[in-house]
K.L.:
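Here you go, one structure.
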Amino acid sequence: MGSITLEHVNKSFGEVEIIPDISLDIKDGEFVVFVGPSGCGKSTLLRLIAGLEDTTSGHIKLDGQDVTDAPPARRGLAMVFQSYALYPHMSVRDNIAFPLKMAKMPQAEIDKKVEYAARTLNLGSYLDRRPRALSGGQRQRVAIGRAIVREPKAFLFDEPLSNLDAALRVNMRLEITELHQQLKTTMIYVTHDQVEAMTMADRIVVLNAGNVEQFGSPLDLYKKPANRFVAGFIGSPRMNFVDGPEAEKHKAHSIGVRPEHFTLSTTAGAGQWSGTVNVAEQLGSDTFLHVEVDGLGLMTVRTDGDRTFAHGDKVYLTPDPNRIYRFDAAGKAI
Amino acid sequence: MATRQTRTLARTMMAPAVILLFIWMIVPLVMTIWFSFQNYSLINPMMTGFAGWGNYAYVIGDPSFTQALVNTLLLVGGVLLITVIGGTFLALLLDQPIWGQGILRILVISPFFVMPPVAALIWKNGFMHPGYGMLGHLWKAFGLQPVDWFAQYPLFSVIVIVAWQWLPFATLILLTALQSLSEEQREAAEMDGAKAINRFRYIILPHMARAITIVILIQTIFLLGIFAEIRVTTGGGPGYASTNIAFLVFRTGILSNDIGAGSAGGVVAVIIANVVAIFLMRAVGKNLDA
Ligand SMILES: Nc1ncnc2c1ncn2[C@@H]1O[C@H](COP(=O)(O)OP(=O)(O)O)[C@@H](O)[C@H]1O
Ligand SMILES: [Mg+2]
């Protein structure tokens, strides 16, 4: 069991208020991702849940039980740190066994669990090495191994993949998702990478300056962003925003169109907006065009990979009328 | 130093310093060895010439030599014990976030800035003197007979003084080591359910192992040659109770004016220092491997 409830949690470091007021309800077995720009308070929020920081006010409940003042060890949560925080002088085996040893588990049982974790994570042949002798991905696995042997109520991950190269990151992303399906334990995963958030999460918490901007499933956030910040943060490449008279035509302060929601034409006049191609990023599967739209500024447009464009090409754009997002003056979605 | 060229360059650049240091070391050493085989006494200038192993037999055969050797080891061991344990303890305390941390750290380090003879004098007259030392007054305040430290516990007193001087050094090195421990590792241990004592034993102490090794090695080098503190306080006595090898060399060579025997003692001291160094490197040196 591992449901986590935050009730009006507030956190200040001295004078500086990092988290004004957050309430969240995370269900047992859910994979929740905290996503937001760097410095928005994701790690702080995670550390509050872990018990590594004290709340300034508000309550944290685990399975309905108030743990606001409980020390980290008593909460029964496991954390995987960004730097992995492996113990350098211990072998991989001892690293994984450490929490069990601290729990005074009999040696035979420890061996069994370490063996099992090593098999699950493909660590068998590294068990007697020191962390120093492992690659980044292997260290990452050891850190996860150390977390799973404890059979915690929930896993907390703080940007666990940010030190890995791109290919490995995709691999580990899948492995962690698979692990979640296998263990069905609650996981909270912090990242600044919206792709990780979209691909892994059951539900995403979008944070901005210590506030929850929206809490919902990935597709919810994509299809019905609550405000301009979420609309701009979720989706890759970013949504294009237009202010002024063009937005007023849609009775909004500003409108947003995702790069993938344009119809593109090269026939003169065959589009609502006209523009000039600035840069064409050809990925093979897709082509992203950075188009200088007349009177509206730079926009990103996605088109299929078979068409080629060059700098200076004239293009004509029509936004999909059903997929224009409208925002009021405060940035809230209308 | 990856390529052959950089290696050659490095050797050429280092050569003058290495050669100078080598001459600096080898000349006095050769002279000492030369004198140690000579009959050379300032009291008896008529007695000259080759002495063979005579000086060595005289120095090593003397019962005071064995006592000085034991005293040397006790002095080094005692001071190491106090400074390493005390230094670890102080470093743990100083690592806590407290008000006035900066001032406190400077205060803790300050004994290291006091010259050894001065420190010894402060202890001799200010603290340990049975008549007007602080400890004497303290004993009297409890209605006890003041202890005459240098008469009753001469070696122990010297150990206390030297430990007081070296404690800041140990504390400083160990504190730096402590501060280089990643916060995340401590937190990981905390989340893994390790209580404070276990965090110290399994995380902090192994992390400090290398620093402790350095403290032991550096201090041993200096502690083998402790002289000023003994000279100022006990003068090596009563009898030979607080005489170490260095002080024995001084007693033989300078006080007894026997340069030959003093030199032999000096050579023996060098050999002992090397034996201790080899022994130490064997015992704790593996901690230095990265
Ligand atoms: N111990 C601390 N003392 C003071 N400020 C802190 C502390 N920890 C974090 N902060 C501040 O809180 C803000 C949020 O930090 P953090 O939660 O680490 O952001 P991120 O979302 O990048 O993980 C940052 O502005 C940071 O400077
Ligand atoms: Mg962070």
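Just so we're on the same page: letters track the sequence lines, and every chain starts at 1.
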K.L.:
Quick check on A/A103 against chain B: is it the side chain, the backbone, both or neither that has a heavy atom closer than 4.5 Å?
P.N.:
neither
K.L.:
I'd like to know if the side chain of A/H89 and the backbone of B/L205 have a donor-acceptor N/O pair within less than 3.5 Å.
P.N.:
no
K.L.:
Rounded to the nearest 0.5 Å, how far apart are CE of A/M79 and CD of B/E187?
P.N.:
7.0 Å
K.L.:
Side chain, backbone, both or neither: which part of A/L100 has an atom under 4.5 Å from a heavy atom of chain B?
P.N.:
neither
K.L.:
Specify the closest pair of heavy atoms between A/A73 and B/E190, including all atoms of both residues, with the distance to one decimal.
P.N.:
CB-O, 3.6 Å
K.L.:
Given the rule in the side-chain contact (heavy atoms from CB on, under 4.5 Å) test, do A/V80 and B/M191 qualify, once you have shown the distances and angles that lead to the verdict?
P.N.:
CA-CA 10 Å; A/V80 175; B/M191 295 223 48; over 6 Å; no
K.L.:
If you measure from CZ on A/F81 to CD on B/E183, what distance do you get to the nearest 0.5 Å?
P.N.:
9.5 Å
K.L.:
Do you know which of B/S182, B/A188, B/G193 has the most heavy-atom pairs with chain A at a distance under 4.5 angstrom?
P.N.:
B/A188
K.L.:
Which bit of B/A209 is near chain A, if near means a heavy-atom gap under 4.5 Å: side chain, backbone, both or neither?
P.N.:
neither
K.L.:
Could you go through B/I203 and A/F98, starting from their C-alpha distance and side-chain angles, then the distance that decides it, and tell me whether this counts as side-chain contact (heavy atoms from CB on, under 4.5 Å)?
P.N.:
CA-CA 11 Å; B/I203 311 297; A/F98 188 70; 4.1 Å; yes
K.L.:
Using modelled atom types and a 3.5 Å cut-off, is there a donor and acceptor pairing between side-chain atoms of B/Y202 and backbone atoms of A/Y87?
P.N.:
no
K.L.:
Salt-bridge test for A/R150 and B/D192: reply yes if a basic N is under 4.0 Å from a carboxylate O, no otherwise.
P.N.:
yes
K.L.:
Heavy-atom cut-off 4.5 Å, strictly under: side chain, backbone, both or neither for A/R75 against chain B?
P.N.:
neither
